Q: 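Please read through the structure below; I'll follow up with questions.
Source: prediction; values computed, not measured.
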Amino acid sequence: MKREFWQMCIVGTMSLALSACAGDQETEEIPSEDQEVTLEIRNPKVEIASQFEQLVNAYEKENPHVSIEVYTIGGAMDDYSDLKAQMAAGDGPDIFTNPGYEHAELWNDYLEDLSDEPWIDQAYEDTLSAVTFDDKIYGMPINLEGYGFIYNKDLFKQAGIHSRPETLTELKETAEQLEEAGITPFATGYYEKWKLGDHLMNTAFAQQADPAAFITGLNQGTETISTNSKFKDLVTFLDVTLAYGSDDPLDTDYSMEIQAFAEEEAAMILQGNWIQPVIDQQAPNMNIGIMPIPINDDTENDSLVVNTPGYWVVNKQTSSDKKKEAKKFLNWMVSSEEGQVHMTEHLKFLPAFKHIDSDSSGPLAEETMDYYKDDRTLSSNWFDFPIGVREDFGAATQQYINQDINRDELLNEYQKSWESAQAE
């Protein structure tokens, strides 16, 4: 109840703060097509900052009456805390992103209905469920993303490794073989909590027999993280990456980790197909692939976690002319030939739309799509986590990495974090 009350307070406060702005906008004179319109877009992906600017420039050339200002935020930064403040002040962007599910309901007062947009019928059906409420669709999927281990095929070959590991035992053997060849197995960048609290933790949730039922059990007190075998496996897996990983994992951030991998200082990196643009910049034509994360020796879970990481949404509180232009821009991205080229060849996105060919998106996207089409995927479950627990998961894991707490204490911290967040 406390959690529901807090959410209602947040939404209510933000709605009141913006209601006056929305009321003023109703009396605005809507400009004609030849009058200039300035859109503000919030881009949460630092790895595509320059490429997204290029896409925007291409749109502006085709639509000279539209000027687009892009604000990129991401990496170690909190993508939503300052956005809340901007919205409450009536100064929010015209286009931003939302992860869907509970967050979409929480932000509903700021999400424009996009149900009538022309791209709806082309989206993969399962990509829209997270932003569909009361038969209305409130977001356009950014892309599909898969994550696991990105690995350097040439370094594997150099070490005499001719097949990727499918189990934790095989992963450890692969790491030992790489070390014997003088190659650091893992580039371990554990500076950011999101990597540990989101991607790593989700692996244990995704490998439950029924992830949704397990989460329900946690909320009802009939399941526990601290005694669950998958989370014990997860800690064992983490130990392997630390034992065979690069030095100073807690001082190595996202950019440093990718740089180490691109410079072939390590053979594997725990990341997703979204790093393709950065790899292409730092190490063009690098021979890389993506493989699932084996936290135990169960080969039934030899699948990638693939999901829609977020959605482009239009600020319902902005003016009518800006909403109109914002929708046109989003549709141009996925419907025009120019937009599709930028999405696949420059952003290296794995499109969430059936009509867009992903052949130019790079090897990571290509292999991720193979897993997706073969239905060899695991679920992303962090959308159903209590708000705030992912940060607590990440912080506890960092304590363990720093040897401030032991294995049992870490598992207990996970459980306490869930109970505390769920009670709020």
Side-chain angles (χ1 to χ4, degrees), residues 31-75 79 92-98 112 114 117-124 127 139-145 273-282 284-285 308-315 318-319 321-366 369:
S32 60
E33 286 290 335
D34 59 348
Q35 287 182 281
E36 285 196 2
V37 174
T38 298
L39 296 178
E40 292 185 7
I41 298 179
R42 186 183 178 91
N43 168 38
K45 290 182 167 292
V46 293
E47 60 270 10
I48 59 160
S50 62
Q51 294 91 336
F52 193 74
E53 289 280 3
Q54 293 171 14
L55 179 148
V56 163
N57 291 338
Y59 183 79
E60 290 175 327
K61 288 181 180 178
E62 291 187 20
N63 301 270
H65 68 290
V66 179
S67 177
I68 299 178
E69 298 175 356
V70 179
Y71 299 92
T72 297
I73 183 170
D79 186 34
D94 305 297
I95 298 174
F96 57 104
T97 58
N98 186 282
E112 176 77 358
L114 303 179
E117 292 305 293
W119 46 262
I120 295 290
D121 292 339
Q122 292 297 330
Y124 289 114
T127 65
M140 186 180 86
I142 298 174
N143 60 355
L144 291 172
E145 287 183 348
N273 66 287
W274 56 80
I275 71 169
Q276 187 76 60
V278 185
I279 296 297
D280 288 348
Q281 287 179 337
Q282 298 186 18
N285 303 314
T308 305
Y311 297 82
W312 294 113
V313 295
V314 175
N315 186 352
T318 196
S319 62
D321 58 295
K322 289 190 175 186
K323 284 191 283 190
K324 178 181 177 182
E325 292 296 342
K327 293 175 184 179
K328 286 176 59 179
F329 171 74
L330 293 181
N331 186 55
W332 176 88
M333 274 204 296
V334 299
S335 300
S336 72
E337 182 177 350
E338 180 80 8
Q340 292 175 23
V341 167
H342 277 274
M343 283 185 66
T344 57
E345 294 187 13
H346 303 301
L347 301 180
K348 298 298 181 182
F349 277 179
L350 180 56
F353 298 90
K354 294 171 284 189
H355 68 291
I356 303 178
D357 192 345
S358 61
D359 289 349
S360 301
S361 297
L364 298 182
E366 184 178 346
M369 181 55 83

Q: So, using ring-ring contact (aromatic ring centres under 6.0 Å, His included) as the criterion, who are the partners of Tyr71 when residues are at least two apart?
A: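 Here no residue qualifies.
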Q: If you define the side chain from C-beta out and look only at heavy atoms, does anything of Phe96 sit under 4.5 Å from Pro44?
A: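 No, side chains not in contact.
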Q: In Å and rounded to the nearest 0.5 Å, what is the CD to CD1 distance from Gln276 to Ile48?
A: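 One finds 13.5 Å between CD of Gln276 and CD1 of Ile48.
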Q: Exactly one of Ile95, Asn98, Thr97 should register a side chain to side chain contact (heavy atoms under 4.5 Å, CB included) with Val313. Which one does?
A: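 Exactly one option meets the side chain to side chain contact (heavy atoms under 4.5 Å, CB included) with Val313, and it is Asn98.
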Q: Show your working on side-chain contact (heavy atoms from CB on, under 4.5 Å) between Leu144 and Thr308 and close with a plain yes or no.
A: CA-CA 5 Å; Leu144 291 172; Thr308 305; 3.8 Å; yes
Q: Please evaluate residues Glu62 and Trp332 with respect to the criterion side-chain contact (heavy atoms from CB on, under 4.5 Å), reporting the C-alpha separation (whole Å), side-chain torsions for both, the decisive distance (0.1 Å), and the verdict.
A: CA-CA 10 Å; Glu62 291 187 20; Trp332 176 88; 3.0 Å; yes
Q: Taking the side chain as everything from C-beta on, heavy atoms only, tell me whether Val334 gets closer than 4.5 Å to Pro351.
A: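 No, every pair of side-chain atoms sits at 4.5 Å or beyond.
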Q: Salt bridge (Lys or Arg N to Asp or Glu O under 4.0 Å): which pairs involve residues 49-61, sequence neighbours left out?
A: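 Those involving residues 49-61 do not exist here.
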Q: Atom NZ in Lys45, atom CG in Leu347: separation rounded to 0.5 Å?
A: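 CG of Leu347 is found 10.0 Å from NZ of Lys45.
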Q: Show, in sequence, the C-alpha distance, side-chain angles and deciding distance for Leu114 and Lys327, and conclude whether the side-chain contact (heavy atoms from CB on, under 4.5 Å) test is met.
A: CA-CA 8 Å; Leu114 303 179; Lys327 293 175 184 179; 4.0 Å; yes
Q: Tell me every residue that passes salt bridge (Lys or Arg N to Asp or Glu O under 4.0 Å) with Lys323, counting only those two or more places apart in sequence or in another chain.
A: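 Partners of Lys323 by the salt bridge (Lys or Arg N to Asp or Glu O under 4.0 Å) criterion, ordered by chain and then number, come out as Glu112.
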Q: Is the shortest side-chain N to carboxylate O distance from Lys322 to Glu325 below 4.0 Å?
A: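 Judged by the 4.0 Å cut-off on N to carboxylate O distance, Lys322 and Glu325 do not form a salt bridge.
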Q: Between atom NE2 of His346 and atom CG of Leu55, what is the distance when rounded to the nearest 0.5 Å?
A: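 So the NE2 of His346 and the CG of Leu55 are separated by 8.5 Å.
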Q: Kindly indicate, with the supporting measurements, whether the criterion side-chain contact (heavy atoms from CB on, under 4.5 Å) is fulfilled by Glu47 and Gln281.
A: CA-CA 10 Å; Glu47 60 270 10; Gln281 287 179 337; over 6 Å; no
Q: Do any side-chain atoms of residues 356-366 form donor-acceptor pairs under 3.5 angstrom with protein atoms, and if so which ones, sequence neighbours left out?
A:
from: Asp357; atom 1: OD1; to: Asp359; atom 2: N; distance (Å): 3.0
from: Ser361; atom 1: OG; to: Phe349; atom 2: O; distance (Å): 2.5
from: Ser361; atom 1: OG; to: Ser358; atom 2: O; distance (Å): 3.4

Q: As an exercise, state the distance from CG of Asn273 to CD1 of Ile279, rounded to the nearest 0.5 Å.
A: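 If I round to the nearest 0.5 Å, the distance is 12.0 Å.
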Q: Can you tell me how far OG1 of Thr72 sits from CZ of Arg42, rounded to the nearest 0.5 angstrom?
A: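 Nearest 0.5 Å value for the CZ-OG1 distance: 10.0 Å.
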Q: For the residue pair Met333 and Trp312, establish whether any side-chain heavy-atom pair is separated by less than 4.5 Å.
A: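 They are in side-chain contact.
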Q: Which residue pairs pass the salt bridge (Lys or Arg N to Asp or Glu O under 4.0 Å) test when at least one of the two sits in residues 330-354, sequence neighbours left out?
A: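 Listed by first then second residue: Asp280-Lys348.
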Q: What distance separates Asp94 CG from Asp321 CG, expressed to the nearest 0.5 Å?
A: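 Atom-to-atom, Asp94:CG and Asp321:CG are 9.0 Å apart.
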Q: Between Asn43 and Ala49, which heavy-atom pair has the shortest distance, and what is it?
A: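 Result for this residue pair: ND2-CA, 4.1 Å.
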Q: Taking side chain as C-beta onward, heavy atoms only, is Trp119 less than 4.5 Å from Met140?
A: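 In contact.
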Q: Would the distance check show the side chain of Asn63 and the main-chain N or O of His65 forming a donor-acceptor pair, the cut-off being under 3.5 Å?
A: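 Pair absent, no side-chain N/O of Asn63 close to backbone of His65.
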Q: Return the set of residues passing ring-ring contact (aromatic ring centres under 6.0 Å, His included) with Phe329 (not counting sequence neighbours), or none when no residue passes.
A: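 Phe329 satisfies ring-ring contact (aromatic ring centres under 6.0 Å, His included) with Tyr59 once adjacent residues are dropped.
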